[in-house]
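Comments concern the structure below.
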Amino acid sequence: MKYRLLGKTGWKVSVLGLGASPLGGAFGPVDEKEGIRTVKTAIDLGINFIDVSPHSGSTRAESILGKALREIPREKFLLATKVGRYGPGAKDLDYSASRVIAGVDESLKRLKLSHIDLIQCHDIEFAPPGMLAEETLPALQKLKAIGKVRHIGITGFPLEALKKATEKGTLDTVQSYCHYCLTDITLVRLVQHLKTRNVGIINASPFAMGLLTPKGPPVWHPAPADYRDVCAAAVEHCRKRRRELPKLALQFATSNRDIATTLVGTSSAKKLKQDVAWIEEPIEEGLLAEVQQVLKPILNRPWAGSLETAP
Ligand code: NAD
């Protein structure tokens with residue numbers, strides 16, 4: 001496993017991080033024991049960065065993760081979770097200071113931890129205007145001062161929102177999803193802005209939330225039908241060439257040195273072992289060029305963000 005520096009946190013994080021939203025059922029039913037095994041496998045394979053949120057499975061992902069973490073020495077992992085989203089709908093959004101403070105305590109309890117390494121304001125595009133600066137972040141700063149959280153970051157889909165929120169350079173990390181993978185590389189437009197402010201870059205969803213896998217995306221996936229068809233054609237192209245699209249997708253997403261870590265979502269120990277083995281191998285440049293050609297019609301094409309976007 002390779003490790004890269006995550007901005008001003010000073011942490012050396014594994015280039016592959018474990019995204020724990022599938023523990024909440026975002027990609028299908030979850031066997032709790034297998035989920036716990038997956039987390040332990042991650043640590044055994046050298047993964048030291050785990051991301052979750054209370055939103056995933058309406059707190060189920062955090063609860064299962066907590067059961068796994070209590071059996072793992074605390075110094076073996078850096079744990080990132082979120083505030084602001086607590087369930088699937090608009091009614092479950094709350095970025096107020098009081099909810100942030102209560103939310104962190106609830107997450108600590110579910111995760112069975114005494115502190116959170118990285119707390120992130122979840123999907124900042126859904127926060128009411130002004131609230132992030134006036135309530136959410138000041139509340140997180142207070143929690144940092146008393147040691148409940150160590151570093152503060154944000155997550156979200158629209159890159160302009162991430163750019164605006166990091167203008168002052170006070171945040172430690174940014175987590176972007178589906179913007180640095182085979183279908184979309186627009187995160188590179190933000191790299192210089194974040195690097196000059198020493199904001200650590202976390203890249204989520206190397207398979208574009210399932211689009212770049214043979215199983216395909218889950219029903220809640222926001223990509224339109226033609227977008228899905230092009231991804232399915234790329235899967236088929238690799239199948240005919242006796243190759244696997246997820247392997248190429250993961251190698252591609254983890255190859256950019258400006259990105260500290262890429263979060264892969266899985267609740268299967270077997271898949272995670274495969275993921276880690278894949279990134280140890282060099283990328284097949286010829287296959288990459290072929291697949292990029294297949295995906296060209298949709299490259300960097302945005303889809304409408306949606307509250308129903310599960311992870
Ligand atoms: P992803 O792109 O990692 O895709 C997950 C899918 O890939 C699952 O169906 C999984 O079974 C499959 N997969 C994993 N390994 C595989 C393998 N070897 N072979 C075939 N299929 C494989 O999507 P994701 O889970 O949405 O993203 C990863 C993580 O990023 C999340 O768990 C979460 O931690 C984070 N994330 C955060 C936000 C946010 O903050 N708004 C949004 C999206 C993702």
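Side chains included, hydrogens not; waters and symmetry mates left out as well; all remaining heavy atoms used. Bear in mind the structure is a predicted one, so any value in this text is a computation, not a measurement. Residues: numbered from 1 along the sequence shown. Every number for a ligand or one of its atoms is a count from 1 in the order of the listing.
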Item to complete: Could you pull out, from Ile124, Leu211, Asn203, Thr213, the option with a heavy atom nearest to atom 21 (N) of ligand 1?
Response: Thr213
Discussion item. For Lys82, state whether at least one heavy atom is located under 4.0 Å from any atom of ligand 1.
Written reply: yes
Item to complete: Answer with side chain, backbone, both or neither: which part of Phe27 has a heavy atom less than 4.0 angstrom from an atom of ligand 1?
Response: side chain
Discussion item. Under 4.0 Å, heavy-atom basis, I'd like to know which part of Ser268 is in contact with ligand 1: side chain, backbone, both or neither.
Written reply: neither
Worksheet item: In terms of atom number and element, which parts of ligand 1 are under 4.0 angstrom from non-hydrogen atoms of Pro22?
Response: 32 (O)
Worksheet item: Does the distance from a Lys or Arg side-chain N to an Asp or Glu carboxylate O, for Arg239 and Glu236, drop under 4.0 Å?
Response: yes
Discussion item. List ligand 1 atoms under 4.0 Å from Gln175, heavy atoms only on the residue side.
Written reply: 35 (C), 36 (N), 37 (C), 38 (C), 40 (O)
Item to complete: Would you please indicate yes or no on a ring centroid separation below 6.0 angstrom for Tyr95 and His122?
Response: no
Worksheet item: Side chains of Thr173 and His151: is there a donor and an acceptor less than 3.5 Å apart?
Response: no
Worksheet item: So, Asp92 side chain and Tyr86 main chain: donor-acceptor pair closer than 3.5 Å or not?
Response: no
Worksheet entry | Asp44/Arg37 ion pair, N-O < 4.0 Å | no
Worksheet item: Side chain or backbone of Gln274 under 4.0 Å from ligand 1, or both, or neither, by non-hydrogen atoms?
Response: side chain
Discussion item. Whether Lys163 and Glu160 form a salt bridge (side-chain N of Lys/Arg under 4.0 Å from carboxylate O of Asp/Glu) is what I want to check.
Written reply: no
Item to complete: Hey, could you give me each pair passing salt bridge (Lys or Arg N to Asp or Glu O under 4.0 Å) that has a residue in residues 199-226? Not counting sequence neighbours.
Response: Asp226-Arg301
Practice prompt. Could you check if a side-chain atom of Gln120 sits within less than 4.5 angstrom of a side-chain atom of Asp51, using non-hydrogen atoms only?
Written response: yes
Worksheet entry | Per-atom contacts, ligand 1 versus Gly19 - under 4.0 Å to a heavy atom | 29 (C), 31 (C), 32 (O), 34 (O)
Worksheet item: To which of Leu263, Thr155, Asp123, Val52 does the heavy atom nearest atom 41 (N) of ligand 1 belong?
Response: Asp123
Worksheet item: Is any N or O atom of Phe207, backbone or side chain, closer than 3.5 Å to an N or O atom of ligand 1?
Response: yes
Fill in: Arg99 with Glu106: basic N within carboxylate O range, under 4.0 Å
yes
Discussion item. Give the atom numbers and elements of ligand 1 that come within less than 4.0 Å of a heavy atom of Ala204.
Written reply: 30 (O), 35 (C), 36 (N), 44 (C)
Practice prompt. Examine ligand 1 and decide if any of its atoms is less than 4.0 Å from a heavy atom belonging to Phe157.
Written response: no
Worksheet entry | Per atom 15 (N) of ligand 1, closest listed option by heavy atom (Asp275, Val276, Thr266) | Asp275
